[in-house]
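All remarks here apply to the structure that follows.
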Amino acid sequence: MEEIELFATENKIPIMQKESMLYLMEYIKVNNVKKILEIGTAIGYSAIMMASTSKKVNITTIEKDKERYRLAISNIKSHNVNDQIEVINKDACEVELNDTFDLIFIDAAKGKNKLFFNKFKDNLQPNGVIITDNLSFHGLVENPLLIKTKNQKNIVNKIKDFILFLDNNQEYLTEYIKVGDTIAISKRRDDNETNCSS
Ligand code: SAH
Ligand code: MG
């Protein structure tokens, strides 16, 4: 895995930070997560890490970039988890799935979080969870003084809009965990709020 981490750093591939990666793996173990959908494979780092938590974990992961897809396939094979991971080389916007998942991990284009959340929430088990990475965007969301480019400003605005969307969401209750680049954990409200009549 260190090789993949090094390759990612050298080639500026934004793989998940170690701290949040470990948090996510622990979450998968503690909550007995079995079926995962990941949006944004990159070169397979997070998928391999999640698959390594248990042989019972199965992952469907989507990557639109051909070269990254190829690298992901090769990395997944060399880590002997190819029987647990299916990689789809497509734009996630165009992927239609019938399966349901215990966990949906959104880690693709930062401006498309809301779109992917709404698109794939129907593929979530009733007691499932949607986890989104990079809610802090390297601290730029909390500290606008760090914003240097128009593109960064654009992404920060979209992440802020996504946070508002989560905060006002009637269907899902979101908790923000400040590990790594901050992750959002969203669960259906009806499973988490006590009913008045009960
Ligand atoms: N989850 C990975 C990192 C993903 S980086 C890890 O932690 O190891 C984000 C990836 O999402 C990039 O490789 C990018 O090509 C991909 N991506 C961006 N938009 C996408 C889309 N619309 N559909 C599929 N993949 C997309
Ligand atoms: Mg990420």
Side-chain angles (χ1 to χ4, degrees), residues 1-28 33 36-53 57-79 81-82 84-97 101 103-121 123 129-141 151-152 154-156 158-159 162-163 176-186:
M1 289 319 284
E2 270 156 34
E3 240 171 80
I4 300 184
E5 285 165 20
L6 200 69
F7 182 90
T9 313
E10 279 170 358
N11 294 279
K12 297 199 165 58
I13 298 167
I15 61 166
M16 199 176 202
Q17 291 181 26
K18 201 57 168 274
E19 203 191 7
S20 36
M21 189 71 251
L22 294 174
Y23 184 95
L24 184 54
M25 289 164 77
E26 191 60 26
Y27 187 95
I28 289 167
V33 170
I36 302 170
L37 171 65
E38 176 183 67
I39 321 294
T41 318
I43 55 173
Y45 175 76
S46 52
I48 295 168
M49 290 296 250
M50 292 191 285
S52 76
T53 57
V57 167
N58 281 291
I59 304 166
T60 299
T61 179
I62 310 171
E63 173 57 52
K64 68 171 181 183
D65 184 85
K66 184 94 201 165
E67 184 57 25
R68 288 185 181 181
Y69 162 79
R70 287 209 187 98
L71 287 165
I73 293 285
S74 146
N75 287 330
I76 288 163
K77 277 210 182 101
S78 61
H79 285 83
V81 281
N82 41 316
Q84 289 173 262
I85 306 172
E86 182 198 357
V87 192
I88 300 174
N89 185 205
K90 263 193 188 165
D91 187 321
C93 298
E94 283 147 29
V95 176
E96 298 296 338
L97 299 166
F101 301 87
L103 189 157
I104 297 177
F105 178 48
I106 304 176
D107 192 22
K110 300 309 149 198
K112 292 210 170 90
N113 286 339
K114 202 204 286 186
L115 196 150
F116 293 140
F117 190 102
N118 283 326
K119 178 174 168 65
F120 293 107
K121 68 180 166 71
N123 295 94
V129 63
I130 302 181
I131 298 187
T132 314
D133 191 26
N134 307 102
L135 275 282
S136 156
F137 198 53
H138 322 293
L140 269 57
V141 174
N151 187 38
Q152 285 176 339
N154 210 342
I155 293 172
V156 166
K158 285 191 173 152
I159 292 173
F162 180 62
I163 292 170
Y176 301 92
I177 314 286
K178 288 200 174 296
V179 281
D181 201 21
T182 305
I183 58 174
I185 302 188
S186 312

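As the structure lists them, so they are numbered: ligands from 1, and atoms in each ligand from 1. Residue numbers run from 1 in the order of the sequence given.
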The protein heavy atom nearest to atom 18 (C) of ligand 1 is Ala109 N, 3.5 Å
Does Glu63 come within less than 4.0 angstrom of ligand 1, counting non-hydrogen atoms of the residue?
yes
Nearest protein heavy-atom contact for atom 7 (O) of ligand 1: which residue, which atom, what distance?
Met16 N, 2.8 Å
Side chains of Ile28 and Ile36: closer than 4.5 Å at any heavy-atom pair?
yes
Minimum heavy-atom distance Ala42-Ala72, with the two atoms named
O-CB, 3.6 Å
Looking only at distances, can you tell me whether any N or O atom of Gly40, backbone or side chain, sits closer than 3.5 Å to an N or O atom of ligand 1?
yes
Which of the atoms in ligand 1, numbered in the order shown and given with their element, are less than 4.0 Å from a heavy-atom of Glu38?
1 (N)
Out of curiosity, is Lys90 lining ligand 1, as in a heavy atom under 4.0 Å away?
yes
Which residue holds the protein heavy atom closest to atom 6 (C) of ligand 1, what is that atom called, and what is the gap in Å?
Ser46 OG, 3.0 Å
Val87 and its side chain to side chain contact (heavy atoms under 4.5 Å, CB included) partner, picked from Ile76, Asn82, Ile59
Ile76
Would you check, one step at a time, whether the test side-chain contact (heavy atoms from CB on, under 4.5 Å) holds for Val141 with Thr182?
CA-CA 10 Å; Val141 174; Thr182 305; over 6 Å; no
Any non-hydrogen side-chain atom of Met16 less than 4.5 Å from a side-chain atom of Ile183?
yes
Contact check: Asp107 vs ligand 1, nitrogen or oxygen atoms, below 3.5 angstrom
yes
What is the nearest protein non-hydrogen atom to atom 12 (C) of ligand 1, stated with its residue, atom name and distance?
Arg68 NH1, 3.1 Å
Part of Tyr69 within contact of ligand 1 (heavy atoms, under 4.0 Å):
neither
Heavy-atom side-chain contact between Arg68 and Thr41 under 4.5 Å
no
Run the numbers for me: atoms of ligand 1, each under 4.0 Å from some heavy atom of Asp91, listed by number.
21 (C), 22 (N), 23 (N)
Taking N or O atoms only and a 3.5 Å limit, does Asp65 qualify as a polar contact for ligand 1?
no
Can you name the closest pair of heavy atoms from Ala92 and Ile39 and give their distance?
CB-CG2, 3.5 Å
With heavy atoms only and a cut-off of under 4.0 Å, state how Thr41 meets ligand 1: side chain, backbone, both or neither.
backbone
Can you confirm, on distance only, whether ligand 1 has an N/O atom lying under 3.5 Å from any N/O atom belonging to Ala92?
yes
Please tabulate, for side-chain N and O atoms in residues 108-119, each donor-acceptor pair with protein atoms closer than 3.5 Å (sequence neighbours left out).
residue: Lys110; atom: NZ; partner: Asp107; partner atom: OD1; Å: 2.8
residue: Lys110; atom: NZ; partner: Ala108; partner atom: O; Å: 3.2
residue: Lys110; atom: NZ; partner: Asn134; partner atom: OD1; Å: 2.9
residue: Asn113; atom: ND2; partner: Lys110; partner atom: O; Å: 3.4
residue: Lys114; atom: NZ; partner: Asp161; partner atom: OD2; Å: 3.0
residue: Asn118; atom: ND2; partner: Lys114; partner atom: O; Å: 3.4
residue: Lys119; atom: NZ; partner: Cys93; partner atom: O; Å: 3.4
residue: Lys119; atom: NZ; partner: Val95; partner atom: O; Å: 2.9
residue: Lys119; atom: NZ; partner: Glu96; partner atom: OE2; Å: 3.0

Just need the protein heavy atom nearest to atom 26 (C) of ligand 1, so name the residue and atom and give the distance.
Lys64 CG, 3.7 Å
In ligand 1, which numbered atoms sit nearer than 4.0 Å to a non-hydrogen atom of Pro14?
3 (C), 5 (S)
Which protein N, O or S atoms sit under 2.8 Å from the Mg ion (ligand 2)?
Asp107 OD1, Asp133 OD2, Asn134 OD1
Carefully, step by step, assess Tyr27 and Leu103 under the rule side-chain contact (heavy atoms from CB on, under 4.5 Å).
CA-CA 10 Å; Tyr27 187 95; Leu103 189 157; 4.2 Å; yes
With a 4.5 Å heavy-atom cut-off, do Thr61 and Ile85 have their side chains touching?
yes
Determine, stepwise, if the pair Ile43 / Asn11 fulfils side-chain contact (heavy atoms from CB on, under 4.5 Å).
CA-CA 11 Å; Ile43 55 173; Asn11 294 279; over 6 Å; no
Min side-chain heavy-atom separation Ile106-Phe120 under 4.5 Å
no
Any Val95 heavy atom less than 4.0 Å from ligand 1:
no
Return yes if some donor-acceptor pair links the side-chain N/O of Glu19 with the main-chain N/O of Val179 below 3.5 Å, else return no.
no
Do NZ/NE/NH1/NH2 and the carboxylate oxygens of Lys64 and Glu94 come within less than 4.0 Å?
no
Under the criterion side-chain contact (heavy atoms from CB on, under 4.5 Å), I'd like the reasoning laid out for Leu22 against Glu26: C-alpha separation, chi angles, the key distance, then a yes or no.
CA-CA 6 Å; Leu22 294 174; Glu26 191 60 26; over 6 Å; no
What protein heavy atom is closest to atom 17 (N) of ligand 1, reported as residue, atom name and distance in Å?
Ala108 CB, 3.8 Å
